[in-house]
Amino acid sequence: MARFIPVPGHAAVAHLTAQPLSPALGTLPPQDMQLLRCAELDSHLLVDVLGSLQPTDLLRSAEGRLRAVTAAMPCRGVLLASTALWVHVGGPPPDMLEVCLPGGRRSRVSYLVTRRGRLPRSDTTVINGVTCATIARAAVDVARLGPPAAAVQAIMTARDHGVSRIRLLLTLNHCRGAASRGCPRARHIIESVVFHQ
């Protein structure tokens with residue numbers, strides 16, 4: 001026969017809540033995600049960022065978006081193009097992670113695009129210890145290499161965030177050598193978009 005030992009109520013509650021509660025500050029572990037799945041709420045509470053579900057409220061700041069992207073980065077590099085633009089201004093998350101590496105290492109990860117080279121110091125900024133292209137450089141890179149609609153949208157986004165036409169053209173002049181591919185198209189887009197005085 002089983003023997004029951006009387007336990008005070010506060011001891012039982014203390015045993016059930018043994019660990020202090022902490023807020024979710026990034027990607028949740030798979031076992032937590034399996035418990036919290038709800039088809040109606042997932043689209044409101046979570047956003048798919050490069051294959052991992054991130055809490056929507058954490059993606060409202062540049063630091064939160066950067067944390068979501070760096071969770072998917074297999075190596076350290078400079079964030080480029082659409083990834084850097086998303087980190088700075090938000091919007092829909094990027095489909096791929098674009099990184100500039102000095103050595104030009106390749107990756108087998110399907111969502112990672114690596115570019116070889118170095119960016120000038122004036123075209124980079126550091127957010128929470130991660131080097132990222134400036135808004136101007138990210139917009140110029142999308143205008144050079146991205147699809148036509150995304151290229152125009154990137155220049156308009158940079159304009160809406162206070163980047164001048166002159167700053168974009170100066171940043172475009174930093175694209176030399178192999179990085180000059182697409183410069184005439186980017187110059188045409190920059191000169192065609194109406195900037196506020």
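Basis for what follows: all heavy atoms, side chains included, without hydrogens, waters or symmetry-related copies.
Both Leu66 and Leu50 are part of a single hydrophobic cluster, where members link through side-chain heavy atoms under 4.5 Å apart. By the rule that hydrophobic residues join a cluster once side-chain heavy atoms approach within less than 4.5 Å of another member, Leu79 and Leu59 end up as members of one cluster. Cluster annotation: Val99 is connected to Val130 through the hydrophobic network of ILVMFWY side chains, with a link wherever side-chain heavy atoms come within less than 4.5 Å. Linking ILVMFWY residues whenever their side-chain heavy atoms come closer than 4.5 Å, directly or via other members, leaves Leu169 and Leu145 in distinct clusters.
Around CG of Asp95, the count of heavy atoms belonging to other residues, nucleotides or ligands within 6.0 Å does not exceed 12.
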Report task. List the steps, then state whether side-chain contact (heavy atoms from CB on, under 4.5 Å) holds for Arg187 with Leu172. Result -> CA-CA 8 Å; Arg187 184 176 310 280; Leu172 185 62; 3.7 Å; yes

Report task. Would you please test Val49 and Trp86 for side-chain contact (heavy atoms from CB on, under 4.5 Å) and show each step? Result -> CA-CA 11 Å; Val49 179; Trp86 179 72; 4.1 Å; yes

Report task. Report the C-alpha distance between Cys175 and Val140 in whole Å, list the side-chain angles of each, state the deciding distance to 0.1 Å, and finish with yes or no for side-chain contact (heavy atoms from CB on, under 4.5 Å). Result -> CA-CA 9 Å; Cys175 299; Val140 164; 4.1 Å; yes

Report task. Start with the C-alpha gap between Asn173 and Thr171, add the side-chain angles, then the distance that decides, and say whether side-chain contact (heavy atoms from CB on, under 4.5 Å) holds. Result -> CA-CA 5 Å; Asn173 284 336; Thr171 303; over 6 Å; no

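A donor-acceptor pair under 3.5 Å is formed between the side chain of His161 and the backbone N or O of Thr157. For Arg144 (side chain) and Arg181 (main-chain N/O), a donor-acceptor pair under 3.5 Å exists by modelled atom type. With hydrogens and angles ignored, the 3.5 Å screen pairs a side-chain donor or acceptor of His88 with a backbone N or O of Ala133.
To the nearest 0.5 Å, atoms OG (Ser82) and CD (Glu98) are separated by 4.0 Å. Atom SG in Cys132 sits 5.0 Å away from atom CD1 in Ile127 (nearest 0.5 Å). Atoms OG and CG, on Ser164 and Leu170 in that order, are 7.5 Å from each other to the nearest 0.5 Å.
With contacts defined as side-chain heavy-atom distances shorter than 4.5 Å, the pair Pro93/Val47 qualifies. The closest side-chain heavy-atom distance from Thr83 to Met96 is not below 4.5 Å.
Residue pairs meeting the side chain to side chain donor-acceptor pair (under 3.5 Å) criterion with at least one partner in residues 123-132, sequence neighbours excluded, are Asp123-Arg137, Asp123-His174.
The minimum heavy-atom distance linking Ala81 with Ala138 is given by the pair O-CB, 3.4 Å. Nearest heavy atom pair, residue Arg167 against residue Ala136, reads CG-CB, 4.1 Å. Nearest heavy atom pair, residue Ala139 against residue Leu85, reads N-CD1, 4.3 Å.
Take Val193 and apply the side chain to side chain contact (heavy atoms under 4.5 Å, CB included) test, not counting sequence neighbours, and it matches Ile155, Met156, Arg159, Ile189, Phe195.
Considering Ile135, Val69, Thr70 in turn, Val69 is the only one that fulfils the side chain to side chain contact (heavy atoms under 4.5 Å, CB included) rule with Val87.
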